[in-house]
Every structure is written in structure tokens, then in C-alpha cells.
Chemist: 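Before I ask anything, let me first share the structure, which is written out below as C-alpha cells.
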Amino acid sequence: MEKGIPMYSPLGHSPTRAPASNTSRSINSLKTIVKALALGLPLYALYGWHTNQALLPSSLSRRGADVNATSQCEQTPLLQPSRNDTLDKAFSFLSTEKFLNESVSRLSGAVRVKTVSYDDLGAVGEDPRWDVFYDFASYLEKSYPLIHSKLQLEKINTHGLLYTWEGSDKNLKPTLFMAHQDVVPVPEDTVPAWTHPPWAGEYDGTYIWGRGATDCKHQMLAAMEAVETLLASGWEPKRTVLLSFGFDEECSGREGAGHLSKFIEDRYGKDSVAVIIDEGGGFEKTWGSLFAKPAAAEKGAADVYITVRMPGGHSSIPSDHTSIGVMSELITAIEAQQYRTHLEDENPYMSQLQCGAAHSPDFPPKLRELLDRRQHATTKTSKANTKPDQLALEAARVGGPPTKYVMQTSQAVDVIAGGAKANSLPERVQVTINHRINIGETPQTVHDRLTEIAAPIAKKHNLTLHAFEPQDESSSDTTPLEPANSIILTQTPHIIDVAPISPADPKSPSGAHTPFSVLAGTTRALYGEDVIVTPSIMTANTDTRYYWNLTRHIFRWGPGYDEQDGPGLGNIHTVNERVSVKKHVHAVRWFYMFLRNMDELEVEVEV
Ligand SMILES: *[C@@H]1O[C@H](CO)[C@@H](O)[C@H](O)[C@H]1NC(C)=O
Ligand SMILES: *[C@@H]1O[C@H](CO)[C@@H](O)[C@H](O)[C@H]1NC(C)=O
Ligand SMILES: *[C@@H]1O[C@H](CO)[C@@H](O)[C@H](O)[C@H]1NC(C)=O
Ligand SMILES: *[C@@H]1O[C@H](CO)[C@@H](O)[C@H](O)[C@H]1NC(C)=O
Ligand SMILES: *[C@@H]1O[C@H](CO)[C@@H](O)[C@H](O)[C@H]1NC(C)=O
Ligand SMILES: [Zn+2]
């Protein structure tokens with residue numbers, strides 16, 4: 001999982017193509033609504049509690065004063081695959097110590113292959129640092145013999161791995177599991193801080209320790225364990241199963257996911273996949289409940305450079321403000337004002353609030369009151385509505401920064417460079433600001449605000465403001481000359497729109513299952529019906545950003561949970577990364593059940 005840690009921020013790469021707008025999807029959604037109205041279906045059957053209401057005319061998007069909180073968080077019943085002695089026996093085997101030992105040894109071995117990706121990697125096939133992925137592919141081949149003898153494996157852009165398990169019914173869209181093979185580096189000076197060495201894959205009876213143990217080899221191998229087990233038991237899918245593993249997620253995903261998604265789109269077409277599961281959301285204990293939180297959305301991102309150019313000279317005769325002083329003024333002004341905390345109706349966090357209100361014993365009364373007020377409000381909360389969003393503000397106050405930033409565009413000045421010598425005036429200073437964009441806003445929102453802040457400061461210091469001027473593509477190999485006496489705002493190649501929101505309805509208009517309901521019902525069948533499944537939103541980005549064309553049903557979801565370990569990310573991207581082996585085995589069981597459920601149930605895949 002890319003966490004936006006500045007050290008690994010994917011600067012200096014060529015542009016990530018921002019996928020096409022949502023317009024055609026909105027049109028499709030509207031078509032569905034029109035169809036549903038023609039059939040006399042109630043609208044909430046279509047959109048349920050997951051509130052795609054921004055798409056609906058406001059008079060249709062409300063059910064008025066009779067809002068029933070429980071029905072706003074309808075939970076899918078437990079979905080157990082049908083009984084079958086062979087398959088049930090294979091499933092039980094996944095709970096044995098024998099299987100645990102075997103899967104520990106395979107995951108430990110995977111951690112020992114140092115599949116590090118670096119920000120400054122050269123071309124695939126040229127930079128020898130990519131070669132370790134050959135070793136990793138051989139390791140997988142040795143560890144999963146059935147997958148490698150019975151499935152088709154295609155290597156995409158050398159190290160991307162695409163496994164195809166052909167289903168017998170070509171009318172069913174494939175299920176696709178993603179993960180990435182690469183891991184972030186371990187800085188040399190942090191090695192002594194590790195309890196167990198970062199590349200040994202040691203097992204202490206509870207955890208496997210090491211870089212990549214959680215992010216993302218656990219997810220990848222859990223899916224492979226499930227497929228290998230199904231192959232061993234003679235199961236044959238009706239619905240094609242795809243495994244698609246990139247190899248540079250931690251430094252942009254362009255070479256891996258970028259190529260894999262194109263290849264899959266060329267083969268199967270747009271909207272051709274039933275559901276995608278990739279790393280992401282997990283479990284959370286809050287308000288006295290255990291929530292399972294597959295992410296149905298992902299915030300956008302924009303890294304922006306601010307450059308101040310001012311005359312140099314001897315520092316014995318300075319101007320009142322050097323370029324560093326002016327930059328300080330800019331940063332102070334930027335930090336003096338936060339983006340607004342704002343919860344759009346379609347933000348999946350709204351679903352969690354509704355689920356909390358419906359099911360959680362300790363749901364805060366004040367939040368409940370504000371939520372009720374919002375649901376009964378006659379005026380729709382809209383992007384144009386600039387009144388303070390009391391519900392969002394209260395939720396952020398209660399939940400702190402992790403909650404605030406699912407409802408607010410973040411800004412962080414992460415890099416600064418400027419000045420050369422104690423007796424020379426600094427001619428150039430530059431900062432990088434990282435933004436994660438809230439639902440309801442766009443990279444343009446960020447550009448507009450920075451321009452607004454910079455304009456008066458430029459004027460005050462008699463500098464020219466160059467705000468997000470289009471760059472001359474033709475002269476791309478020579479750095480364009482920066483104008484003197486200026487403040488320059490530049491969008492870096494790191495720009496990502498807010499992801500389309502995956503539908504999270506408990507059932508389809510016709511009463512069939514949806515990809516989300518199969519996910520939810522599988523999860524509750526595995527962990528019990530006290531688990532409340534609610535869609536969530538990620539503040540970081542995953543490789544799924546390259547897969548938007550393939551399906552609307554993308555869930556970033558780590559299905560493993562270990563009650564003793566509790567929720568948590570297992571120290572990803574830092575010292576002592578580790579994964580609970582119980583969690584890993586549970587994830588295998590989840591993938592196993594999910595594949596069987598996707599095959600047996602009638603699943604309607606809304607386009
Ligand atoms: C609210 O909805 C739930 C689920 O649809 C239903 O079981 C319950 O009876 C409803 N409660 C009221 C007061 O209508
Ligand atoms: C599993 O491994 C442990 C040592 O890690 C060993 O004591 C135990 O006997 C093994 N169990 C099985 C069933 O192989
Ligand atoms: C159980 O599943 C296996 C593997 O898919 C299959 O070969 C077998 O026919 C099934 N048994 C029954 C009784 O359906
Ligand atoms: C502002 O800058 C321009 C050229 O960059 C210069 O001609 C002008 O004299 C400056 N004005 C002041 C008040 O310094
Ligand atoms: C998605 O489809 C659009 C339109 O065909 C295309 O321009 C774009 O490159 C595709 N996106 C990705 C990530 O492949
Ligand atoms: Zn990851």
C-alpha cells in the first residue's frame with residue numbers, strides 16, 4: 001500500500017494518466033435509474049443505504065421523516081457455500097496446524113526474496129535492480145505447483161504476473177484478485193531497531209516478521225493459497241478467476257499495474273470484470289462494534305511544487321525579504337487555513353455513520369442527532385453548499401485525524417530546498433506540497449486555492465505569479481527557464497482524481513446478489529454475524545487506480561482478521577513489519593469461500 005511517505009513519493013516520473021471522467025458512468029447510472037422507475041422499483045432498492053444520492057434529483061433522494069436507521073445499514077446474511085464433502089474437507093484443512101505450518105513456510109520464504117522497488121529505478125530490462133523479480137517468480141513457481149501446472153501464466157512487461165483460471169461459463173465476468181510483489185526499502189540505519197531482522201521472515205509462533213510480510217505478500221500469497229487448495233480438491237470454476245500481480249506499486253505502479261490493466265482491458269474489454277479485490281481496508285473496533293471496512297473509494301492526490309525566484313547577490317546588502325522569507329510567508333498562509341471538513345452524501349464514511357447509528361451500542365448521541373438532522377434535511381448537502389458541515393466536524397472531533405481525513409482534503413508541506421551559502425542571497429527556493437483530495441473536490445480545487453493564496457503575496461513583494469501554466473511538451477527534454485522575480489506554481493506528474501465509488505448495495509434491483517453483498521456475506525459467514533460490514537474510503541492510493549476501466553466493483557480489502565492481534569496495519573512501511581499467522585490463514589479461508597460464493601450465487605454486476 002502506498003502511504004504517501006515523502007521518501008517514497010513518486011516524484012520525477014512521467015505523468016500518471018488520469019483516467020477518463022465519470023461522466024459516462026453517471027449517464028449509465030441515470031439510465032439504470034430511469035429503467036428502475038419504469039419498472040416501478042423503489043429507488044432505495046437501487047441505491048440502498050450506500051447513498052449514491054448525489055446522482056439523484058433531491059426530491060427523489062430522500063425518504064422523508066420515516067427514515068429507519070436499521071434499514072440504512074442492511075447487513076447481508078451469512079453466505080456459506082453449498083455443502084460438498086470434498087470441498088468442505090479441503091476448507092477444514094485450512095484450519096489445521098499442518099496447513100498453518102506449510103503456509104508459514106511459504107510466506108516466510110516469500111519475505112526472504114528482497115523484492116524492493118526504488119523511486120529511481122531505470123527501465124525494466126536495463127536496471128539490474130529489477131532482476132530480483134525473476135527470483136520471486138521462480139519462488140512462486142516452486143511454492144505453488146498446481147497453480148503453475150494448471151493455470152495460464154503470462155508475464156506482462158517482464159515481471160507482471162497474470163494467472164488465468166479459465167471458467168466453464170464464458171458469460172460470467174471474471175473475478176480478479178490483485179496484489180503487488182514489491183516492497184518498500186528498509187533504510188540501513190533502521191535495521192538495528194528491528195526485533196527480528198527485516199529479511200529473514202522469522203516466525204515466532206504468532207507472527208511472521210519482515211519487510212513485505214503484511215504489505216503485500218500476505219495478501220498475494222493468501223489468494224494463491226486459496227487457489228492452490230481449490231485446485232487440489234478438484235474444484236473447477238464456472239467464472240474465470242484472474243490473479244494480477246504488479247511489481248512497482250510502491251513507486252507508481254506504472255510498469256506493473258499500468259501494463260497489466262491495459263493487457264486485461266485489451267483481452268476482455270471495458271467493464272468486463274465482475275469484481276476486483278486488492279489490498280486496502282481491514283477491520284476496526286469502534287463504538288462497541290467490530291466493523292469490516294472494504295474500501296469502495298480512494299481519495300485523489302496532487303503533489304504541487306511552489307518555486308520562488310528572486311535576485312541573488314551579496315548578503316551584506318539584502319532585500320528585506322529573501323526568497324526564503326517569501327516562501328515562509330506562503331507556507332504560513334497555506335497552513336493557516338485548512339481545507340474544509342465536508343462529508344458528501346456519497347462518501348462511504350456516511351455508510352459507516354449510518355451503520356454505527358443502526359447497530360453500535362456506543363454510538364455517540366451527538367453524532368446520532370446530527371445524522372438524523374442530516375437525513376431529515378430538506379435541502380440537499382451539495383458541493384455548492386458552503387455552510388459548515390456540522391456532522392463532519394463532530395465526527396472529526398470524535399474520531400481525530402484518521403477520521404477527519406476521510407472527509408477533508410489534506411495538505412502537507414513535505415520537501416523544501418533552497419539557498420546555497422551563508423553570504424549569498426538565495427535565488428531559488430522550492431517546496432513540494434502533498435495533497436489527498438476529498439470526495440466532492442478535485443485537483444482543480446487545490447490549484448485554485450493555492451493560486452488565491454499566492455496572488456496577494458506575489459503582489460506584495462512585486463513578484464509575478466505563474467500559476468499552473470501549461471508546460472511546453474515539445475521542449476520536454478530541456479528544463480524550461482524559470483522566470484526571474486516570480487512565484488511559480490507547478491503541478492507535478494503525481495495527480496490522481498478521486499476514484500469512482502464502487503456500488504455497495506446489499507442487493508441488486510432484482511434481488512440478486514451484488515459483488516459487494518457477496519464480499520459482505522462471505523465476511524460475516526467467516527467471522528460471525530456481529531461483524532458489521534460497511535464500505536470505507538482509503539486516504540492513500542493503490543494499484544487499483546489503473547483498473548477503473550475494468551469494473552465499477554473495486555474493493556480494497558484485506559480479509560484477514562485475528563481477534564488477539566486486533567485491527568491494525570502491522571507496521572507497514574516501518575520497522576517491525578509483521579503479520580499474524582492467524583490473520584493470514586483467515587485470509588486464505590476468506591479467499592477460498594469468496595471464490596466458491598462468486599461461482600455459486602447469482603451475482604448481478606451493475607455496469
Ligand atoms: C427498520 O428496518 C429493518 C430492516 O429493514 C426492519 O427489520 C425493522 O422492522 C424496521 N423498523 C421499523 C421501526 O420500521
Ligand atoms: C508445526 O510446526 C511446529 C514447529 O514450528 C511443530 O512443533 C509442529 O509439530 C508442527 N505441526 C505439524 C502438524 O506439522
Ligand atoms: C464436490 O466438489 C467436487 C470438486 O468441485 C466435485 O468434483 C464433486 O462432484 C462435488 N460433489 C458433489 C456430490 O457434488
Ligand atoms: C517591480 O518590478 C518591476 C520589474 O520586475 C520594476 O520595474 C518595478 O520598479 C518594481 N516595483 C517596485 C515598487 O519595486
Ligand atoms: C481507460 O479508458 C480510456 C478511454 O478509452 C483510456 O483513454 C484510458 O487510457 C484507460 N485508462 C487506463 C488506466 O487504462
Ligand atoms: Zn501495498
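No hydrogens, no waters, no symmetry mates; every other heavy atom, side chains included, goes into these values. Atoms within each ligand, like the ligands themselves, are counted from 1 in listed order.
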Chemist: Could you go through ligand 3 and note, for every N or O atom, any protein N or O atom closer than 3.5 angstrom, writing the atom names and distance to 0.1 Å, or 'none'?
Modeler:
{"residue": "ligand 3", "atom": "2 (O)", "partner": "N84", "partner atom": "OD1", "Å": "3.3"}
{"residue": "ligand 3", "atom": "2 (O)", "partner": "N84", "partner atom": "ND2", "Å": "2.3"}
{"residue": "ligand 3", "atom": "11 (N)", "partner": "N84", "partner atom": "ND2", "Å": "2.8"}

Chemist: Need the ligand 5 atom indices (1-based, order shown) with element for anything under 4.0 Å from a heavy-atom of N549.
Modeler: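 It comes down to these atoms of ligand 5: 1 (C), 2 (O), 3 (C), 8 (C), 10 (C), 11 (N), 12 (C), 14 (O).
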Chemist: Using distance alone, determine whether K270 and ligand 5 share an N or O pair under 3.5 Å.
Modeler: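 There is such a contact, yes.
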Chemist: What class does the angle between the rings of Y163 and H148 fall in, given that below 30° is parallel, 30 to 60° is tilted and above 60° is perpendicular?
Modeler: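 Plane angle over 60°, so perpendicular.
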Chemist: Would the F283 and Y527 ring centres measure less than 6.0 Å apart?
Modeler: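 Ring-ring flag for F283/Y527: true, centres closer than 6.0 Å.
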Chemist: Please identify each residue that fulfils side-chain hydrogen bond (donor to acceptor under 3.5 Å, both in side chains) with H159, with sequence neighbours left out.
Modeler: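 Residues passing side-chain hydrogen bond (donor to acceptor under 3.5 Å, both in side chains) with H159: none at all.
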Chemist: Please name all residues satisfying side-chain hydrogen bond (donor to acceptor under 3.5 Å, both in side chains) with D204, sequence neighbours left out, ordered by chain then number.
Modeler: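 D204 satisfies side-chain hydrogen bond (donor to acceptor under 3.5 Å, both in side chains) with W209 only.
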Chemist: Is there a polar contact between ligand 5 and R545, counting only N or O atoms under 3.5 Å apart?
Modeler: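 Between R545 and ligand 5 (N or O atoms, distance only) the closest approach is not under 3.5 Å.
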Chemist: Between R436 (side chain only) and K299 (backbone N and O only), is there a donor and an acceptor less than 3.5 Å apart?
Modeler: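 Absent.
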Chemist: List for me each residue that meets salt bridge (charged side-chain N to carboxylate O under 4.0 Å, His left out) alongside E154, sequence neighbours excluded, and say none if there are none.
Modeler: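 Expected list: R267.
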Chemist: Quick check on contacts: which atoms of ligand 5 are under 4.0 angstrom from a heavy atom of K262?
Modeler: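 The list of qualifying atoms is 14 (O).
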Chemist: Look only at the side chain of T214 and the backbone of R578, and say whether a donor-acceptor pair between them is shorter than 3.5 Å.
Modeler: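 Yes, T214 side chain to R578 backbone: donor-acceptor pair under 3.5 Å.
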Chemist: If you look at every heavy atom in R239 and A274, which pair is closest and at what distance?
Modeler: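 Smallest interatomic distance, heavy atoms only, reads NH1-CB, 3.5 Å.
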